[in-house]
Amino acid sequence: MLLDPAVRRYGGIVGNDGIKPWPEVLQLAAVNLLPGIGGSFAVLLEQAHARDRARAAEYAEHVVERTGVERLGQRLTDDPILESTFIRAAEAAVRTGVNAKRALLAQVVAAAVLDDAKVDESQLYVQALTHLDAPHLRALERLRRVLDALPSDAQNVESRLRAAWAAEPTAVRATLFQVGCAGVAPLNVAAIFTPTYRRQLLTDFGRELLDWIRVLDTAGQVTTADSA
């Protein structure tokens, strides 16, 4: 591990120590349901916290890999805005099951640690990623495939884009639009055949985020054929 054990204890960050496989956890919880034993909920809660700590450790390791412990500690001490961004990204990293999102959160925070000029940008990316998770990222992948599959002389471009957008769940569309990743804006008839209109389905920001996720998604949680 990259973090010194003393640093990890001080920061409340631990590795996979204490994590049991879920079948074992559930079996233990079932045993604890027996009269006179109790504590089944405590067993589940303990294991949930253990997994949270492991995800926090993974996020911290990704950041430290790029920055080093000393530089990270100094920058977090000197810059309260960066410190807040670091903490918010850690919280988002703990709450997601998408490994690529966790890695990307660490990547944008590390960039801000190494370059003060990127603090504001890092804060905005962390804010966006906080609202995006597997359903939204998979939707972005599906929308990207729709765009990439359209030939330059495709007919009924507007209706195809609107149909692809409407096919996504309402809650997903609302979040993607709010974050600024995707959406269909009404334009005049001439404009719908221009590259500008076709990018409205997936904004430059949405495509950039997705490009990063695709590079980091080695487990295929977002960008596998199942996303189609």
Side-chain angles (χ1 to χ4, degrees), residues 3 11-14 45 48-67 72-73 75-144 165 168-183 201-224 227:
L3 295 182
I13 299 172
V14 299
L45 194 60
H49 287 331
R51 282 160 171 77
D52 283 350
R53 292 193 297 270
R55 287 171 176 169
E58 181 185 339
Y59 160 79
E61 292 289 340
H62 282 314
V63 176
V64 172
E65 276 181 351
R66 293 170 172 81
T67 66
L72 175 61
R75 290 282 287 120
L76 294 180
T77 300
D78 294 342
D79 190 336
I81 294 178
L82 177 59
E83 180 189 39
S84 175
T85 301
F86 175 83
I87 294 171
R88 185 170 186 181
E91 293 171 345
V94 165
R95 292 189 177 99
T96 185
V98 180
N99 298 332
K101 172 181 170 177
R102 194 175 305 114
L104 182 53
L105 285 163
Q107 185 172 302
V108 298
V109 168
V113 171
L114 297 173
D115 185 355
D116 185 64
K118 294 185 178 180
V119 171
D120 288 351
E121 181 183 71
S122 173
Q123 190 174 28
L124 293 172
Y125 280 118
V126 169
Q127 181 177 355
L129 285 167
T130 297
H131 296 289
L132 302 175
D133 214 85
H136 315 95
L137 297 173
R138 289 173 182 152
L140 285 177
E141 174 67 11
R142 287 190 292 269
L143 295 175
R144 181 193 66 81
W165 177 244
E168 299 298 335
T170 303
V172 169
R173 281 185 282 145
T175 301
L176 291 178
F177 185 79
Q178 178 187 15
V179 174
C181 287
L201 182 61
L202 193 63
T203 66
D204 290 340
F205 178 62
R207 187 175 284 273
E208 182 180 16
L209 276 180
L210 184 59
D211 286 344
W212 284 340
I213 289 291
R214 295 182 77 209
V215 170
L216 297 169
D217 188 29
T218 55
Q221 293 178 297
V222 173
T223 56
T224 61
S227 301

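The figures that follow rest on heavy atoms only: side chains count, while hydrogens, waters and symmetry mates do not.
- Applying the 6.0 Å contact sphere to CZ of Phe205 captures more than 12 heavy atoms from other residues, nucleotides or ligands.
- Annotation: the span from Leu105 atom CG to Glu58 atom CD amounts to 11.0 Å, rounded to 0.5 Å.
- Side-chain atoms of Lys101 never come within 3.5 Å of backbone atoms of Asp133 as a donor-acceptor pair (strictly under, hydrogens ignored).
- Rounding to the nearest 0.5 angstrom, the gap separating the CZ atom in Arg142 from the CG atom in Leu137 is 10.5 Å.
- For the residue pair Tyr125/Glu208, the side-chain donor-acceptor check at 3.5 Å is satisfied.
- Among Asp217, Val215, Ile213, the single residue meeting the side-chain contact (heavy atoms from CB on, under 4.5 Å) criterion with Leu104 is Ile213.
- No side-chain donor-acceptor contact under 3.5 Å links Ser122 to the backbone of Ala112.
- For the pair Trp165 and Leu143, the minimum side-chain heavy-atom distance is below 4.5 Å.
- Between Val63 and Ala110, the shortest heavy-atom distance links the atoms O-CB, 4.2 Å.
- Residues Phe86 and Leu72 are in side-chain contact: their nearest non-hydrogen atoms beyond the backbone lie under 4.5 Å apart.
- With Gln221 contributing its side chain and Asn99 its backbone, the two residues share a donor-acceptor pair below 3.5 Å.
- Separation of atoms CZ (Arg207) and CZ (Arg144) is listed at 7.0 Å; rounding is to 0.5 Å.
- The CD atom of Glu61 lies 12.0 Å from the CZ atom of Arg66; values are rounded to the nearest 0.5 Å.
- Distance alone, capped at 3.5 Å, is enough to place a donor-acceptor pair between the Thr77 side chain and the Gly73 backbone.
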The test is side chain to side chain contact (heavy atoms under 4.5 Å, CB included); show your working for Asp115 and Lys118 and say whether it passes.
CA-CA 6 Å; Asp115 185 355; Lys118 294 185 178 180; 3.7 Å; yes
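- Using a distance-only test at 3.5 Å, with no hydrogens or angles considered, a donor-acceptor pair links the side chain of Thr203 to the main chain of Gly180.
- Residues Leu210 and Arg214 form a side-chain contact, since some pair of their non-hydrogen atoms from C-beta on lies under 4.5 Å apart.
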Evaluate the side chain to side chain contact (heavy atoms under 4.5 Å, CB included) criterion for residues His62 and Gln107: first the C-alpha distance (whole Å), next the side-chain angles of each, then the deciding distance (0.1 Å), finally the verdict.
CA-CA 7 Å; His62 282 314; Gln107 185 172 302; over 6 Å; no
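- The closest side-chain heavy-atom distance from Val119 to Arg75 is below 4.5 Å.
- With salt bridges taken as basic N to acidic carboxylate O contacts below 4.0 Å, none links Arg138 and Glu141.
- Tested against Leu132, the residues Val172, Val179, Val98 include a single side-chain contact (heavy atoms from CB on, under 4.5 Å) partner, Val179.
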I would like to know whether Leu129 and Leu209 meet side chain to side chain contact (heavy atoms under 4.5 Å, CB included); could you show each step before the answer?
CA-CA 9 Å; Leu129 285 167; Leu209 276 180; 4.2 Å; yes
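- Between Thr85 and Arg88, the closest side-chain pair of non-hydrogen atoms is not below 4.5 Å.
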Should Val222 and Leu140 be marked as a side chain to side chain contact (heavy atoms under 4.5 Å, CB included) after you check the CA-CA gap, both sets of side-chain angles, and the distance that decides it?
CA-CA 9 Å; Val222 173; Leu140 285 177; over 6 Å; no
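- The shortest non-hydrogen separation linking Gln123 to Ile81 is OE1-CG2, 4.0 Å.
- Looking only at distances, no side-chain donor or acceptor of Ser84 sits under 3.5 Å from a matching main-chain atom of Pro80.
- Two residues are said to be in side-chain contact when any heavy atoms from C-beta on lie closer than 4.5 Å; Asp79 and Asp116 meet this criterion.
- Residues Arg95 and Glu91 are in side-chain contact: their nearest non-hydrogen atoms beyond the backbone lie under 4.5 Å apart.
- Inter-residue side-chain proximity for Arg53 and Val94 is flagged as unmet; no heavy-atom pair is nearer than 4.5 Å.
- Side chains of Arg173 and Thr170: a donor on one and an acceptor on the other come within 3.5 Å.
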